[in-house]
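The structure under discussion appears below in the form of structure tokens.
Counting convention: from 1, in listed order, for ligands and their atoms alike.
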Amino acid sequence: MGILYVVATPIGNLKDITLRALEVLKKVNVIACEDTRVTRKLLNHYGIEGKKLIPYHEHNEEKAAEKIIKILEEEDVALVSDAGTPCISDPGYRVVRKAWEKGFTVSPIPGPFAGAAALSASGLPSDKFIFIGFLPHKEKAKKETIERFKNLGITFIAYESPHRLLETLSFYKEICPNSQLVVAKELTKIHERFIRGTPQDVYQIFNENPDFLKGEFVILCYPEEEKNVFSEEEILKLAISLKEKGLKTKEIAKEISKKTGISKNQIYEILIKNF
Ligand code: SAM
């Protein structure tokens, strides 16, 4: 019984491949891939020869899965996609599912994933995030999707094609104008760039530089303005020092509001509760 290895490959820079990925690609005789030309290029780059390539894609995946399962009965198979991690906004999961159903072992060989690479360098809150894959094409569905994920209050990551990017940014501008937006372009490639700011800022940059609209993009949105988080204890500490300077409660609330970005009324309530 063979093992199905799910092997991540580069998202641009061919050097972004792990030692284990190369080891597996060298070891197996059969590689299931999306576009044989793309995979050949990678294999040639690393001098890997004599492999049987079995193409699979969204439209023939069930059929290709059956073929791959037959081979797994005899030997190991590596599953790759054109770029990054197979099954992530890429075909592959039907092959993986079938392999499990038929009792084979499936083992991931982790590596590049554009969404995670973009998040790691975005500077947006990243302890919790949601990856939503490609945004829907139709305007109504796209707007509803942005609205839905905006309401969760955590960073959400989407893929978008270059010819839809500008219009999509205009939707972010309309739906979540106060969010922090980052567009990560051409990750790991020569023209890698991070465009950061409010949706208005980011939209304007792309609108004024049509050349930027070429390439591959990840859109990351943290749906709130960055606020300093002050605890009640810290607010009271500030308040006491201002009180000692002779300020009245209302003046203190105003000062602290300016400093923390928290509304005057909210501060006032904390003060009267404690003073
Ligand atoms: N499986 C891939 C992964 O692990 O990220 C995703 C493949 S999906 C078909 C292709 C989309 O991923 C692109 O349209 C773009 O949104 C994003 N992407 C892939 N490579 C990228 C790169 N180098 N820079 C920015 N975005 C990239």
>> If only side-chain N and O atoms count, and only distance matters, is there a donor-acceptor pair under 3.5 Å linking Thr168 with Lys142?
In response: yes
>> Side chains of Asn13 and Thr188 only: does a donor on one sit below 3.5 Å from an acceptor on the other?
In response: no
> Could you give all pairs that pass the side-chain hydrogen bond (donor to acceptor under 3.5 Å, both in side chains) test and reach residues 18-47, with sequence neighbours left out?
Replying inline: Tyr5-Lys27, Asn29-Glu75, Asp35-Arg37
> Does CD1 in Ile190 sit with more than 12 non-hydrogen atoms of other residues, nucleotides or ligands closer than 6.0 Å?
Replying inline: no
> For Lys173, does the NZ atom sit with more than 12 other heavy atoms under 6.0 Å from it, leaving out its own atoms?
Replying inline: yes
Tabulate distances under 3.5 Å between N/O atoms of ligand 1 and N/O atoms of the protein, writing both atom names on each line.
{"unit_1": "ligand 1", "atom_1": "1 (N)", "unit_2": "Ala83", "atom_2": "O", "d": "3.0"}
{"unit_1": "ligand 1", "atom_1": "1 (N)", "unit_2": "Thr85", "atom_2": "O", "d": "3.0"}
{"unit_1": "ligand 1", "atom_1": "1 (N)", "unit_2": "Ile88", "atom_2": "O", "d": "2.9"}
{"unit_1": "ligand 1", "atom_1": "1 (N)", "unit_2": "Asp90", "atom_2": "OD2", "d": "2.8"}
{"unit_1": "ligand 1", "atom_1": "4 (O)", "unit_2": "Thr85", "atom_2": "N", "d": "2.9"}
{"unit_1": "ligand 1", "atom_1": "5 (O)", "unit_2": "Ala114", "atom_2": "N", "d": "2.9"}
{"unit_1": "ligand 1", "atom_1": "5 (O)", "unit_2": "Tyr159", "atom_2": "OH", "d": "2.6"}
{"unit_1": "ligand 1", "atom_1": "16 (O)", "unit_2": "Phe217", "atom_2": "O", "d": "2.6"}
{"unit_1": "ligand 1", "atom_1": "20 (N)", "unit_2": "Glu216", "atom_2": "OE1", "d": "3.4"}
{"unit_1": "ligand 1", "atom_1": "23 (N)", "unit_2": "Ile11", "atom_2": "O", "d": "2.9"}
{"unit_1": "ligand 1", "atom_1": "23 (N)", "unit_2": "Leu187", "atom_2": "N", "d": "3.4"}
{"unit_1": "ligand 1", "atom_1": "23 (N)", "unit_2": "Leu187", "atom_2": "O", "d": "2.9"}
{"unit_1": "ligand 1", "atom_1": "24 (N)", "unit_2": "Leu187", "atom_2": "N", "d": "2.8"}

> Are more than 12 heavy atoms from other residues, nucleotides or ligands located less than 6.0 Å from atom CD of Glu49?
Replying inline: no
